[in-house]
Amino acid sequence: MFKKYKIVSPVRFFIFVLLTTMILVFGLVTVFTSARTEAATINSFVQVEINENDTLWTIATEYADDSMDIRKFIDELREINDIDANDSIHPGDQIFIPIYE
């Protein structure tokens with residue numbers, strides 16, 4: 001009922017399996033990394049001076065894209081401007097804000 005196949009050349013079979021696996025892995029990596037890089041492309045930065053009563057939250061809500069999570073944007077602001085979690089911003093400070101495409 002089932003036809004039995006015989007591997008005539010083990011070297012050719014190994015090369016076939018290896019190339020098929022490499023093509024599959026390359027395709028999967030391309031698909032999953034391209035979606036991530038398109039979503040997070042920084043186009044430029046804007047330098048902003050901190051005013052009285054400004055917080056990272058109010059600045060993030062003003063400059064973040066509507067589709068972005070505010071908490072992640074605040075984390076990016078902290079990382080870009082080298083602000084620790086315990087540090088606060090003060091009036092007159094200058095910070096850089098990323099502008100996304």
Side-chain angles (χ1 to χ4, degrees):
M1 181 136 105
F2 291 105
K3 185 176 180 181
K4 291 189 176 187
Y5 292 98
K6 181 179 177 186
I7 299 174
V8 178
S9 173
V11 174
R12 288 177 70 188
F13 178 74
F14 174 75
I15 291 172
F16 170 76
V17 171
L18 181 66
L19 287 176
T20 305
T21 306
M22 288 174 58
I23 290 170
L24 180 66
V25 168
F26 178 77
L28 290 173
V29 167
T30 302
V31 167
F32 288 115
T33 57
S34 67
R36 189 168 23 127
T37 55
E38 289 176 9
T41 304
I42 296 176
N43 192 17
S44 62
F45 291 93
V46 174
Q47 187 173 4
V48 175
E49 183 174 336
I50 304 300
N51 296 321
E52 190 72 31
N53 298 324
D54 275 350
T55 63
L56 287 177
W57 187 271
T58 58
I59 293 170
T61 55
E62 183 178 343
Y63 288 95
D65 188 10
D66 293 336
S67 63
M68 297 180 72
D69 183 13
I70 297 295
R71 293 167 294 190
K72 289 183 181 180
F73 192 73
I74 290 173
D75 289 340
E76 288 181 41
L77 288 176
R78 288 184 188 277
E79 183 178 333
I80 290 168
N81 294 290
D82 196 28
I83 301 172
D84 291 333
N86 297 330
D87 290 344
S88 59
I89 55 176
H90 304 285
D93 289 348
Q94 301 278 333
I95 64 169
F96 291 101
I97 299 176
I99 304 299
Y100 294 93
E101 291 181 346

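Residue numbers count from 1 along this sequence. Please read all numbers here as calculations on a predicted model, not as lab measurements.
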* Can you see which heavy atom on Glu52 is nearest to which on Pro91, and at what distance? => OE1-CG, 3.5 Å
* Structure fact -> When every non-hydrogen atom of Asn81 is compared with those of Phe96, the smallest separation belongs to OD1-N, 2.7 Å
* To do: Could you check if a side-chain atom of Ile97 sits within less than 4.5 angstrom of a side-chain atom of Phe73, using non-hydrogen atoms only?
  => yes
* Under 4.5 Å between side-chain heavy atoms, hopping through other hydrophobics if needed: is there a path connecting Val31 to Phe26? -> no
* To do: Give the C-alpha distance, both sets of side-chain angles, the deciding distance and a yes or no for side chain to side chain contact (heavy atoms under 4.5 Å, CB included) between Asn53 and Thr58.
  => CA-CA 9 Å; Asn53 298 324; Thr58 58; over 6 Å; no
* Side chains of Pro98 and Leu77: closer than 4.5 Å at any heavy-atom pair? -> yes
* Non-hydrogen side-chain atoms of Asp93 and Asp54 separated by less than 4.5 Å -> no
* Spatial distance of atom OG1 (Thr61) from atom CG (Asp66) [nearest 0.5 Å] -> 11.0 Å
* Heavy-atom side-chain contact between Glu62 and Trp57 under 4.5 Å -> no
* Closest heavy-atom contact between Arg78 and Asp84? -> NH1-O, 2.9 Å
* **Phe16-Leu24 co-clustered via ILVMFWY side chain contacts under 4.5 Å** => no
* Asked: What heavy-atom pair brings Leu56 and Ile74 nearest, and what distance separates the two atoms?
  -> O-CG1, 3.9 Å
* CG/Asp75 to CD1/Ile83 distance, rounded to the nearest 0.5 angstrom? -> 11.5 Å
* To do: Determine whether more than 12 heavy atoms belonging to other residues, nucleotides or ligands lie under 6.0 Å from atom CD of Glu79.
  => no
* Out of curiosity, does Met68 fall in the hydrophobic cluster containing Val46 (side-chain heavy atoms, cut-off under 4.5 Å, transitive links)? -> yes
* To do: Starting at CZ of Phe14, measure out to CG of Leu19 and round the result to the nearest 0.5 Å.
  => 9.5 Å
* To do: Over all heavy atoms of both residues, which pair between Thr21 and Val17 is shortest? Give the atoms and the distance, please.
  => OG1-O, 2.8 Å
* To do: Hey, could you give me the CD1/CG distance between Ile70 and Asp65, rounded to the nearest 0.5 Å?
  => 9.5 Å
